[in-house]
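As the structure lists them, so they are numbered: ligands from 1, and atoms in each ligand from 1.
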Amino acid sequence: MNKMSEIITAVAPVNIAVIKYWGKRDENLILPLNDSVSATLDTNIMCAKTSVCASLDFTENELWLNGKKDSFTSKRIINCLNKIKEIATEQKSVPADFLTWKVRVCSENNFPTAAGLASSAAGFACLVSALAKLYKINTDISAIARMGSGSACRSVYGGFVQWHAGVETDGSDSIATQIVPSSHWPEMRVLILVVGDTKKHTSSTDGMQLSVKTSAFLKHRVEHCVPKHVASIRKAIQEKDFTTFAELTMKDSNQFHAVCLDTYPPCVYMTDVSFKIVELIHAFNKQSGEVKAAYTFDAGPNACIYLLEKDVPELLSLIKHIFPSSNPETFVKGLSITEVSNPELLCSFSSLRQKEDLIKYVIHTKVGNGPEFINESHLLNGSGEPIQIS
Ligand code: DP6
């Protein structure tokens, strides 16, 4: 090996929107029609990990994704790499010949991609973080991650994050900013209910394009609803007002899925099981006499439940009761909890009880920080060859 850069390895988080991004004003630059708000999830539980390096000896750019060789031809990856090189050229952050070296990228998620769990957001945030360090650029990288996948720009920061739609045609003001760090609301917890699903859904990219073309309701949502939702949820987050936060989260998710149904032909992402989860959360909140949990659904049937740490044991016991599992030992993954037993509560919900294994498993996690760099467990070895880890 003649000349090779050091290997840079980053880990980056998943984020789950509470005010949804749905619809673009520019397909190539990935500019959204509306602002969105999300929470970044703890990388200790779910993350993407990416190693990158460059060498004079590499004859082409190469990519490995989750242990398999993939082609480096996707327009989105190339857009991200070119933008980073453009900034490196402007900033003269690396020698000019380094910019001509080819790169290798090896990336994997520590959670099943097939589960439809916002893997592209974590993946692109990770790729862009690692490449930005490789080329030593000094800039806000959210606008670059955005060119990989819109929602990825929010995974560049920890805590609660807002992606500003912006108004500029070049996308320079379509960036993400942190509303508050994860330490602001340490009690916030997230349960991801992974719903068994064999149906192939329309991708977010295609679904939102169809909604922009055909849904009059999308236009109304963008103009009249989202600005209010964003302003109110920002305030609720800043004031740690869980009730308002939870109600807005549920209403925005429901409105987003209403837009999907208003799309022609309709995009149907939620399943019967998703709606059973909605029913359970409303019944739980009613029985509690207060709003203790909020659901939100992306472009698939999995539920993401926001709640406070103190309420996790009770809701989890209820979920296990209503959605029994044939693998109870491995049903809940992630953060551990102290189990509670409240037979009376379970009994009062028995009419909602479902058949086994409608929910495959639950991931218990919390709000966390943005991408980080690690100096060990790289996915590329000293010669830039991929290391098969999983
Ligand atoms: C429903 O970011 O996956 O999860 O920008 O085309 O890559 P592209 O779409 P993507 O869309 C995410 C949509 C969503 C809502 C959200 O995360 O805000």
Side-chain angles (χ1 to χ4, degrees), residues 12-41 46 48 74-80 109 113 115-128 142-157 160-166 171 174-176 179 190 192 201-213 215 218 221-222 225-226 229-230 233 248-263 266-270 274 295-304 306:
V14 164
N15 74 77
I16 304 285
V18 289
I19 306 299
K20 304 295 186 191
Y21 145 54
W22 197 252
K24 295 182 184 71
R25 61 185 166 92
D26 184 312
E27 292 286 332
N28 184 44
L29 290 172
I30 311 197
L31 301 179
L33 284 169
N34 62 271
D35 285 24
S36 53
V37 175
S38 59
T40 295
L41 304 187
M46 289 164 83
S74 130
K75 194 175 87 189
R76 289 175 168 209
I77 293 187
I78 293 169
N79 280 354
C80 290
N109 300 320
T113 325
L117 296 172
S119 55
S120 66
F124 274 106
C126 208
L127 173 78
V128 168
S142 70
I144 311 172
R146 189 204 73 226
M147 295 166 79
S149 182
S151 55
C153 74
R154 299 185 310 238
S155 276
V156 160
Y157 297 106
F160 290 83
V161 179
Q162 179 171 351
W163 173 14
H164 307 265
S174 188
I175 57 167
I179 301 172
V190 175
I192 297 169
H201 296 273
T202 311
S203 71
S204 305
T205 308
D206 294 345
M208 68 176 81
Q209 201 174 7
L210 203 55
S211 297
V212 173
K213 265 195 209 136
S215 170
L218 173 81
R221 166 176 160 78
V222 165
C225 307
V226 177
H229 288 181
V230 170
I233 211 156
L248 281 163
T249 296
M250 292 187 277
K251 287 181 180 175
D252 195 80
S253 173
N254 292 338
Q255 186 174 78
F256 152 53
H257 288 278
V259 166
C260 291
L261 282 186
D262 187 47
T263 299
C267 294
V268 184
Y269 293 119
M270 293 170 69
S274 312
Y295 54 78
T296 183
F297 296 83
D298 282 340
N302 299 327
C304 180
Y306 282 92

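At the top of the distance list for atom 17 (O) of ligand 1, counting protein heavy atoms only, stands Arg154 NH2, 2.8 Å. In terms of protein heavy-atom proximity, atom 15 (C) of ligand 1 is closest to Tyr21 O, 3.4 Å. Scanning the protein heavy atoms around atom 4 (O) of ligand 1, the nearest turns out to be Asp298 CG, 3.4 Å.
Each of Asp252, Asp298, Asn34 was checked for a side-chain hydrogen bond (donor to acceptor under 3.5 Å, both in side chains) with Lys20, and the lone residue meeting it is Asp298. The only member of Val212, Leu31, Thr205 that meets side chain to side chain contact (heavy atoms under 4.5 Å, CB included) when paired with Lys24 is Thr205.
A heavy-atom distance below 4.5 Å is found between the side chains of Leu33 and Leu218. For the pair Leu29 and Arg146, the minimum side-chain heavy-atom distance is below 4.5 Å. Side-chain contact between Ser155 and Phe124 is absent, with no heavy atoms from C-beta onward closer than 4.5 Å.
Inclusion of Asn15 in the set of residues having an N or O under 3.5 Å from an N or O of ligand 1 is not warranted. Residue Thr205 places at least one N or O, backbone or side chain, under 3.5 Å from an N or O of ligand 1. Looking at ligand 1, you won't find any N or O of Ser36 less than 3.5 Å from one of its N or O atoms. Considering backbone and side-chain atoms together, Ile30 places no N or O closer than 3.5 Å to any N or O of ligand 1.
Of all atoms in ligand 1, numbered sequentially from 1 with element shown, those under 4.0 Å from a heavy atom of Lys24 are 5 (O), 6 (O), 8 (P). Near Met208, meaning under 4.0 Å from any of its heavy atoms, are these atoms of ligand 1: 9 (O), 11 (O). Taking a cut-off of under 4.0 Å to the non-hydrogen atoms of Phe256, the atoms of ligand 1 that pass are 1 (C). Less than 4.0 angstrom separates some heavy atom of Ser149 from each of these atoms of ligand 1: 2 (O), 3 (O), 5 (O), 7 (O), 8 (P), 10 (P). Close contacts of ligand 1 with Ala17, meaning ligand atoms under 4.0 Å from a residue heavy atom, involve 16 (C), 17 (O), 18 (O). Applying the 4.0 Å criterion to heavy atoms of Arg76 picks out, from ligand 1, the atoms 6 (O), 7 (O), 8 (P).
The aromatic rings of Trp163 and Tyr21 sit perpendicular to each other, their planes meeting at more than 60°, with 30° as the lower class boundary.
Of the listed options Cys260, Ser151, Ala152, Ser253, Ser151 places a heavy atom closest to atom 10 (P) of ligand 1.
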**Asked** Stepwise, does the side-chain contact (heavy atoms from CB on, under 4.5 Å) test hold for Ile192 with Leu41?
**Response** CA-CA 11 Å; Ile192 297 169; Leu41 304 187; 3.9 Å; yes
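Judged by distance alone, the side chain of Asn15 and the main-chain N or O of Ser151 form a donor-acceptor pair under 3.5 Å.
Minimum heavy-atom separation, Tyr269 to Ser203: OH-O, 3.7 Å.
A distance of 11.0 Å separates CG of Asp262 from SG of Cys267, quoted to the nearest 0.5 Å.
Of all the heavy atoms of Ser204, the ones lying under 4.0 Å from any atom of ligand 1 belong exclusively to the side chain.
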